[in-house]
Number of protein chains: 2
Amino acid sequence: MTEVVERADERISRRQVDKFAQRRDLLASSALRTLSELGYARTSLREIAQNSEFSHGVLHYYFRDKNELILHCVRQYKAECVTRYDHIIESASSAAQLCDSFAAAMAATLTEEAHLHRLWYDMRSQGLFEPSFRADLLELDHSLEQMIWRVVSRYAELSTRPVAMDPAVAYAVFDGLFQKALLRFLGGEADAAADLQRHTGSVLVEFVLGGR
Amino acid sequence: MTEVVERADERISRRQVDKFAQRRDLLASSALRTLSELGYARTSLREIAQNSEFSHGVLHYYFRDKNELILHCVRQYKAECVTRYDHIIESASSAAQLCDSFAAAMAATLTEEAHLHRLWYDMRSQGLFEPSFRADLLELDHSLEQMIWRVVSRYAELSTRPVAMDPAVAYAVFDGLFQKALLRFLGGEADAAADLQRHTGSVLVEFVLGGR
DNA sequence: ACTTTTTCTTGACAGATGTCCAAGAAACCC
DNA sequence: GGGTTTCTTGGACATCTGTCAAGAAAAAGT
């Protein structure tokens with residue numbers, strides 16, 4: 001194990017730690033790909049290894065057990081996705097434009113990253129059963145809520161009006177819309193993305209700021 | 001097999017068919033209990049049988065395979081739950097009362113039937129991966145949307161004002177709120193039910209009918 | 001009472017799964 | 001280049017899985 005850092009020659013140790021962490025991330029990426037393809041229930045360690053350049057034994061060298069690997073996947077997933085809309089927030093110069101960009105981005109990620117999103121919903125459901133997942137999942141969910149809140153409050157700012165919603169309610173409605181759209185999209189319904197875009201825009205315009 | 005009904009003596013055949021269907025329902029109930037306890041990923045046929053009064057072999061006498069059993073569970077679950085709020089709709093005599101009753105009922109079923117609800121979300125996530133589940137899940141989801149729509153439109157009627165939301169948006173926000181509350185509730189957060197009740201009420205009052 | 005049909009149990013099967021381990025390969029250090 | 005540490009492999013393990021089939025038990029039919 002190279003996880004211990006306290007050593008005389010810190011350069012070497014640090015390098016080893018980095019390499020160790022790098023391998024963990026690499027394997028977690030393979031796991032993420034496999035999980036998003038098959039779902040939690042159907043993903044085995046051997047399948048994950050086959051989607052990587054290593055053999056199945058190596059997984060227990062870098063992770064204590066399957067749960068630790070999956071937790072690592074969740075954390076890695078989080079780091080990438082909670083800033084999804086931030087560049088839209090920063091570059092929008094009017095409320096209407098922010099609204100359009102946000103709705104378009106929702107529809108785009110629905111179609112382009114559908115498999116990753118379905119894994120997220122699958123994992124969140126697993127958290128309802130497996131207590132060891134719950135803390136991380138709740139934290140990630142909270143980060144997503146904040147991400148939505150940044151969009152919503154920036155929209156209100158550009159509209160020079162206050163937000164009329166709780167962060168929790170705002171997240172709930174967009175999350176609910178997205179989830180439904182995902183189910184429809186994967187079911188082959190061609191309108192799913194367009195409907196999501198339309199619904200997203202109308203919710204932002206009509207409800208987020210409350211009655212006028 | 002007694003599934004064929006076309007026989008001279010229909011009384012007998014009918015009785016056998018009924019008994020056959022009855023056993024299927026009984027076994028599906030055991031399966032439902034097991035699934036809601038362990039989740040889809042961790043539920044085996046032997047575990048289901050152990051939660052019933054039969055041995056594991058009988059499951060393949062009444063169901064072709066595991067998928068058929070689970071599909072039957074989903075359909076049975078649907079029959080019970082899509083009318084959950086109908087008596088509230090019928091007995092409410094004012095908009096405010098309907099709002100309160102609905103919010104209270106949401107909070108009540110969250111705490112009392114949490115395990116069944118988590119199974120629903122688990123199964124809906126499975127539908128994102130397993131195409132053979134999708135049709136039933138989409139249909140059940142649609143039924144739930146209609147159930148919410150009945151509440152919302154009755155609330156508007158009692159308020160003598162029109163609904164300002166799509167059925168899809170209305171369902172999304174209540175479903176999103178419920179899902180989040182469920183995760184929090186199972187995570188031991190004491191406020192989960194109260195927050196759900198509060199959020200549900202405020203969404204109904206402030207957003208469903210749009211700006212005044 | 002005897003036969004037929006329906007229902008249920010038991011054990012077996014082939015394959016998959018998480019985990020561990022011994023041994024080889026590779027990288028690294030002096 | 002020899003010795004040490006780190007990394008990787010492939011196989012073994014015990015257990016669990018869905019499925020099936022043969023026959024016991026129970027019920028129905030005559």
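Labels below follow one simple rule: chain letters A, B, ... track the order of the sequence lines, proteins then strands, and each chain is numbered from 1.
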Checklist entry - Excluding sequence neighbours, so at least two apart, what forms salt bridge (Lys or Arg N to Asp or Glu O under 4.0 Å) with B:Asp122? => result none

Next on the checklist: The criterion is salt bridge (Lys or Arg N to Asp or Glu O under 4.0 Å); which residues satisfy it with B:Arg150, sequence neighbours excluded?
Outcome noted: B:Asp86

Next on the checklist: Counting the atoms with a prime plus P, OP1 and OP2 as sugar-phosphate, which does B:Tyr62 contact under 4.0 Å by heavy atoms, base, sugar-phosphate, or nothing?
Outcome noted: sugar-phosphate

Next on the checklist: In this structure, how many angstroms lie between the P atom of D:dT9 and the CD atom of A:Gln50, rounded?
Outcome noted: 13 Å

Checklist entry - Hey, is the side chain of A:Tyr61 poking within less than 4.0 Å of OP1 or OP2 on D:dT8, counting only N and O atoms? => result no

Can you tabulate the close N/O pairs, meaning under 3.5 Å, that link protein atoms to atoms of nucleotides 14-18 of chain C?
{"unit_1": "C:dT17", "atom_1": "OP2", "unit_2": "A:Ser44", "atom_2": "OG", "d": "3.4"}
{"unit_1": "C:dG18", "atom_1": "OP1", "unit_2": "A:Lys66", "atom_2": "NZ", "d": "2.6"}
{"unit_1": "C:dG18", "atom_1": "OP2", "unit_2": "A:Leu45", "atom_2": "N", "d": "2.9"}
{"unit_1": "C:dG18", "atom_1": "N7", "unit_2": "A:Arg46", "atom_2": "NH1", "d": "2.8"}
{"unit_1": "C:dG18", "atom_1": "O6", "unit_2": "A:Arg46", "atom_2": "NH2", "d": "3.0"}

Checklist outcome for this item: Rounded to 10°, the angle between the first-five-pair and last-five-pair axes of the helix from C:dA1-D:dT30 to C:dC30-D:dG1 is 10°

Item to check | Those residues that, when tested against A:Glu47, pass salt bridge (Lys or Arg N to Asp or Glu O under 4.0 Å) (two or more places apart) | outcome: none

List, one per line, each side-chain donor-acceptor pair under 3.5 Å for residues 101-109 of chain B, sequence neighbours excluded.
{"unit_1": "B:Ser101", "atom_1": "OG", "unit_2": "B:Gln97", "atom_2": "O", "d": "2.9"}
{"unit_1": "B:Thr109", "atom_1": "OG1", "unit_2": "B:Arg84", "atom_2": "NE", "d": "3.4"}
{"unit_1": "B:Thr109", "atom_1": "OG1", "unit_2": "B:Glu113", "atom_2": "OE1", "d": "2.6"}
{"unit_1": "B:Thr109", "atom_1": "OG1", "unit_2": "B:His117", "atom_2": "NE2", "d": "2.8"}

Checklist entry - In chain order, what residues pass the side chain to side chain contact (heavy atoms under 4.5 Å, CB included) check against B:Ala31, with sequence neighbours excluded? => result B:Ile48, B:Leu69, B:Cys73

Checklist entry - Rounded to whole angstrom units, what separation is found between the NE2 atom of A:His56 and the P atom of C:dT19? => result 12 Å

Checklist entry - Residues two or more places apart in sequence or in another chain: which of them pass salt bridge (Lys or Arg N to Asp or Glu O under 4.0 Å) with A:Arg184? => result A:Glu189, A:Asp195

Item to check | Contacts of type side chain to side chain contact (heavy atoms under 4.5 Å, CB included), residue B:Ser202, not counting sequence neighbours | outcome: B:Glu206

